[in-house]
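All heavy atoms count here, side chains included; hydrogens, waters and symmetry mates do not. Order of the sequence lines sets the chain letters (A, B, ...), proteins ahead of strands, with each chain counted from 1.
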There are 2 protein chains.
Amino acid sequence: MNQTVIPKPDYEAALREAGVRITRPRRVILGILSDAGDHPDAMEIFRRAVAIDNSISLSTVYRTMKLLEGIGAIHRHAFEGGPSRFEPAVGDHHDHLIDIETGDVIEFQSDRIEELQQEIARELGYEIVHHRLELYGRKRRRR
Amino acid sequence: MNQTVIPKPDYEAALREAGVRITRPRRVILGILSDAGDHPDAMEIFRRAVAIDNSISLSTVYRTMKLLEGIGAIHRHAFEGGPSRFEPAVGDHHDHLIDIETGDVIEFQSDRIEELQQEIARELGYEIVHHRLELYGRKRRRR
DNA sequence: CTTCTATTTGCAAACGATTTGCAATTGCAT
DNA sequence: ATGCAATTGCAAATCGTTTGCAAATAGAAG
Ligand SMILES: [Mn+2]
Ligand SMILES: [Mn+2]
Ligand SMILES: [Zn+2]
Ligand SMILES: [Zn+2]
């Protein structure tokens with residue numbers, strides 16, 4: 001018992017909140033996002049969606065991602081090279097380490113780095129609106 | 001006297017080193033890069049190049065940027081939204097703060113952050129090949 | 001200085017990711 | 001059930017960037 005609760009965002013409520021209709025394509029896409037453990041790109045979300053309802057179009061995936069991003073329900077990451085990748089905006093802020101060999105994305109968080117960023121911005125006379133910290137690396141050869 | 005020396009990279013030597021021909025378009029583009037104090041994108045470099053030699057093409061700008069990037073003579077930055085922006089790979093490593101109102105790019109450097117990144121990657125079993133730290137912010141309202 | 005050829009160029013067309021116009025469909029307030 | 005604005009699928013457009021190709025040229029050799 002006592003599993004760690006993986007929080008699932010209530011997208012439908014968020015959409016209703018935003019005064020936006022809950023359609024079949026949206027329901028499908030939201031479902032996919034809710035239980036995506038990874039950081040899929042639009043094409044991958046489209047593939048997963050088609051597997052559920054083959055009438056969904058790629059345009060709708062893109063439109064829905066933009067909509068969700070707009071209401072802050074998901075984050076868009078433009079990692080080096082590839083297309084945008086998405087993830088539910090649930091849980092605490094974190095940054096990413098991308099395995100340049102496999103494309104795997106590993107999440108991490110450093111309060112210390114976040115503080116230092118604030119400090120730097122303040123010294124430069126700026127307030128941070130958002131930031132992007134991405135580490136690109138490869139697995140260390142087993143010692 | 002005793003000005004801070006703004007180092008100008010010897011691109012021509014680097015090119016010769018790479019066994020590549022030094023052509024008129026390349027000379028023009030290299031000149032522009034050498035004394036660019038900013039982080040121009042390909043189109044901007046193209047504009048500056050055309051002002052010097054109107055026969056230069058945008059393709060050549062792109063090809064030259066790729067070439068220079070390949071030999072490590074310049075860095076390419078894919079800041080949020082816009083096209084790639086470039087800068088000579090001279091001087092020490094630094095990261096960027098982008099003014100989301102003006103697009104201005106401010107450089108900064110934090111040994112502490114760099115160390116913490118190493119530490120994080122090591123803990124995750126990775127070695128960093130490169131990284132990207134971008135702060136997006138706006139000028140703090142004058143106090 | 002000329003000759004020779006591989007490299008580089010400009011141009012136009014192709015590219016991949018994403019966005020958009022439009023007519024047809026659909027959610028949902030009445 | 002009705003009516004209409006919101007949403008959709010589709011195809012075409014867009015943006016930044018890359019590429020094929022025939023013409024131009026750098027620079028090594030003589
Ligand atoms: Mn993440
Ligand atoms: Mn810089
Ligand atoms: Zn962060
Ligand atoms: Zn750095």
- Short N-O contact, A:Arg122 and A:Glu119, less than 4.0 angstrom: no

- Basic-acidic side-chain contact under 4.0 Å: A:Asp99, A:Arg138: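 Answer for the salt bridge query: no.
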
- Query: Are A:His93 and A:His131 close enough that a side-chain donor and a side-chain acceptor fall under 3.5 Å?
  - Reply: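 Yes, A:His131 and A:His93 have a side-chain donor paired with an acceptor closer than 3.5 Å.
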
Does [X] have any salt bridge (charged side-chain N to carboxylate O under 4.0 Å, His left out) partners at least two apart in sequence or in another chain, and if so, which?
| X | result |
| --- | --- |
| A:Arg85 | none |
| A:Glu123 | none |
| B:Glu69 | B:Arg76 |

What is the separation between atom [atom1] on [X] and atom [atom2] on [N], rounded to the nearest whole Å?
| X | N | atom1 | atom2 | value |
| --- | --- | --- | --- | --- |
| B:Arg27 | C:dT8 | CZ | C1' | 14 Å |
| A:Glu69 | C:dT18 | CD | P | 11 Å |
| A:Phe79 | C:dA17 | CZ | C1' | 17 Å |
| B:Glu80 | D:dG16 | CD | P | 16 Å |
| B:Met65 | D:dG16 | CE | C1' | 14 Å |
| A:His77 | C:dA17 | NE2 | C1' | 18 Å |
| A:Leu67 | C:dG27 | CG | C1' | 15 Å |

Within the pair [X] and [N], is there a side-chain N or O less than 4.0 Å away from OP1 or OP2?
| X | N | answer |
| --- | --- | --- |
| B:Tyr62 | D:dT18 | no |
| A:Lys66 | C:dT19 | yes |
| B:Ser59 | C:dG10 | no |

All N/O donor-acceptor pairs, side-chain side in residues 39-46 of chain B, below 3.5 Å, sequence neighbours left out:
from, atom 1, to, atom 2, distance (Å)
B:His39, NE2, B:Glu87, OE1, 3.1
B:His39, NE2, B:His96, NE2, 3.3
B:His39, NE2, B:Glu107, OE2, 3.0
B:Asp41, OD1, B:Met43, N, 3.1
B:Asp41, OD1, B:Glu44, N, 2.8
B:Glu44, OE1, B:Arg47, NH1, 2.4
B:Glu44, OE2, B:Arg48, NE, 2.7
B:Glu44, OE2, B:Arg48, NH2, 3.3

- Sequence neighbours left out, what pairs pass salt bridge (charged side-chain N to carboxylate O under 4.0 Å, His left out) with at least one residue falling in residues 54-64 of chain B? none

- Which residue pairs pass the salt bridge (charged side-chain N to carboxylate O under 4.0 Å, His left out) test when at least one of the two sits in residues 124-136 of chain A, sequence neighbours left out?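 Of all non-adjacent pairs touching residues 124-136 of chain A, those that pass salt bridge (charged side-chain N to carboxylate O under 4.0 Å, His left out) are A:Arg132-A:Glu134, A:Arg132-B:Glu134, A:Glu134-B:Arg132.
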
- Task: For atom CZ of B:Arg24, decide whether the heavy atoms of other residues, nucleotides or ligands shown that lie under 6.0 angstrom number more than 12.
- Result: no

- Query: Taking DNA chain C as the partner, which of residues 36-44 of chain A come within under 4.0 angstrom of it by heavy atom?
  - Reply: none

- Transitive ILVMFWY side-chain link A:Ile113 to A:Val105, under 4.5 Å: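 They do not share one cluster, since no chain of ILVMFWY contacts under 4.5 Å joins A:Ile113 to A:Val105.
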
- Note on the structure: Rounded to the nearest 0.5 Å, the CG atom of A:Asp95 sits from the CD1 atom of B:Ile120 at a distance of 8.0 Å

- Task: For the helix from C:dC1-D:dG30 to C:dA14-D:dT17, figure out the bend between the end axes, five pairs an end, and round to 10 degrees.
- Result: 30°

- Item | Closest to side chain of B:Val20, choosing from C:dA17, D:dG16, C:dT8 |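 Selected nucleotide (nearest to the side chain): C:dT8.
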
- Task: Please work out which residues in residues 46-58 of chain B have a non-hydrogen atom less than 4.0 Å from an atom of DNA chain D and list them by number.
- Result: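 Within residues 46-58 of chain B, no residue comes under 4.0 Å of DNA chain D.
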
- Task: Using side chain to side chain contact (heavy atoms under 4.5 Å, CB included) as the criterion, list what pairs up with B:Ile52, not counting sequence neighbours.
- Result: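 For B:Ile52, the residues satisfying side chain to side chain contact (heavy atoms under 4.5 Å, CB included) (neighbours in sequence not counted) are B:Val28, B:Ile32.
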
- Message: Reading DNA chain D from 5' onward, which residue's closest nucleotide shows up sooner: B:Gly82 or A:Arg26?
- Response: A:Arg26

- Query: According to the ring pair (Phe, Tyr, Trp, His ring centres under 6.0 Å) rule, which pairs have a member within residues 107-130 of chain B, sequence neighbours left out?
  - Reply: A:Tyr136-B:His130

- Where protein sits on nucleotides 21-26 of chain D, one letter per nucleotide: B base, S sugar-phosphate only, - none, heavy atoms under 4.0 Å: ----BB

